[in-house]
Asker: 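This is the structure I want to talk about, given as C-alpha cells.
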Amino acid sequence: MSRRGGRKVINFYNSSGDVKNVIRFLEEVQKKVNYLSLNCKVDGKSIKITLFGPRDLQNLATERLRALANQYL
C-alpha cells in the first residue's frame, strides 16, 4: 500500500494582531518548509496554510509550523 499525497489545511491565529509577527512567521515558513508545496492565506488575524504532498512530509511540516507559530504568533 503506497502512501498517497493529499491536502492538509492548518489554521493559525495571530493573537497580537501585529503584522510584523506574521511577516516573520511566513519568512521562517519559507525557510523551514521547502520540501512541500503550500499555499498561505492571511485574512486579518487568521492564517490558513494548505499543504500539498506526501502525508508523512505533511506531518513533519505540521510539527515545524506549530513550533514556528508558538514562536512568532
Asker: Considering residues at least two apart in sequence or located in another chain, which fulfil the side-chain hydrogen bond (donor to acceptor under 3.5 Å, both in side chains) criterion with R24?
Answerer: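 In terms of side-chain hydrogen bond (donor to acceptor under 3.5 Å, both in side chains), with neighbours along the sequence ignored, R24 is linked to N21.
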Asker: Would you check if the side chain of Q58 reaches a backbone N or O of G6 as a donor-acceptor pair within less than 3.5 Å?
Answerer: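 Yes, the answer is positive, given that a donor and an acceptor are paired below the 3.5 Å cut-off.
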Asker: Would I10 and I47 count as a side-chain contact (heavy atoms from CB on, under 4.5 Å) if you check the C-alpha gap in whole Å, the side-chain angles of each, and the deciding distance to 0.1 Å?
Answerer: CA-CA 8 Å; I10 308 166; I47 302 168; over 6 Å; no
Asker: What's the spacing between K45 NZ and D18 CG if we round to 0.5 Å?
Answerer: 10.5 Å
Asker: Do V29 and L60 belong together in a cluster built from hydrophobic side chains that touch within less than 4.5 Å?
Answerer: yes
Asker: Working to the nearest 0.5 Å, report the span between CG of L68 and CD1 of I49.
Answerer: 9.0 Å
Asker: Evaluate side-chain contact (heavy atoms from CB on, under 4.5 Å) for V33 paired with L38, printing each intermediate quantity in order.
Answerer: CA-CA 9 Å; V33 182; L38 61 85; 3.8 Å; yes
Asker: Within this structure, what is the NZ-CG distance for the pair K8 and L36, rounded to the nearest 0.5 Å?
Answerer: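 Answer rounded to 0.5 Å: 10.5 Å.
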Asker: Identify, with sequence neighbours excluded, every residue that meets side-chain hydrogen bond (donor to acceptor under 3.5 Å, both in side chains) alongside K20.
Answerer: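 Partners of K20 by the side-chain hydrogen bond (donor to acceptor under 3.5 Å, both in side chains) criterion come out as none, since no residue qualifies.
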Asker: Sequence neighbours excluded, which residues qualify as side-chain contact (heavy atoms from CB on, under 4.5 Å) partners of A69?
Answerer: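 side-chain contact (heavy atoms from CB on, under 4.5 Å) check on A69 returns F12, F25, L73.
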Asker: Run the side-chain contact (heavy atoms from CB on, under 4.5 Å) test on L26 and C40 for me, step by step, so that the C-alpha distance in whole Å, both residues' side-chain angles and the decisive distance to 0.1 Å come before the verdict.
Answerer: CA-CA 9 Å; L26 294 175; C40 182; 3.3 Å; yes
Asker: N11: what forms a side-chain contact (heavy atoms from CB on, under 4.5 Å) with it, not counting sequence neighbours?
Answerer: V9, K48
Asker: Can you name the ring pair (Phe, Tyr, Trp, His ring centres under 6.0 Å) partners of Y72, sequence neighbours left out?
Answerer: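 Y72 satisfies ring pair (Phe, Tyr, Trp, His ring centres under 6.0 Å) with no other residue.
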Asker: What distance do N59 atom CG and R64 atom CZ have between them, rounded to the nearest 0.5 Å?
Answerer: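 One gets 13.0 Å once the value is rounded to the nearest 0.5 Å.
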Asker: Just how far is it from atom CG of L51 to atom CZ of R7, taken to the nearest 0.5 Å?
Answerer: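 Answer rounded to 0.5 Å: 11.0 Å.
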Asker: Should side-chain heavy atoms under 4.5 Å link Ile, Leu, Val, Met, Phe, Trp and Tyr, which residues sit in the same cluster as Y13?
Answerer: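 Members other than Y13 - counting any ILVMFWY side chain reachable under 4.5 Å - there are none.
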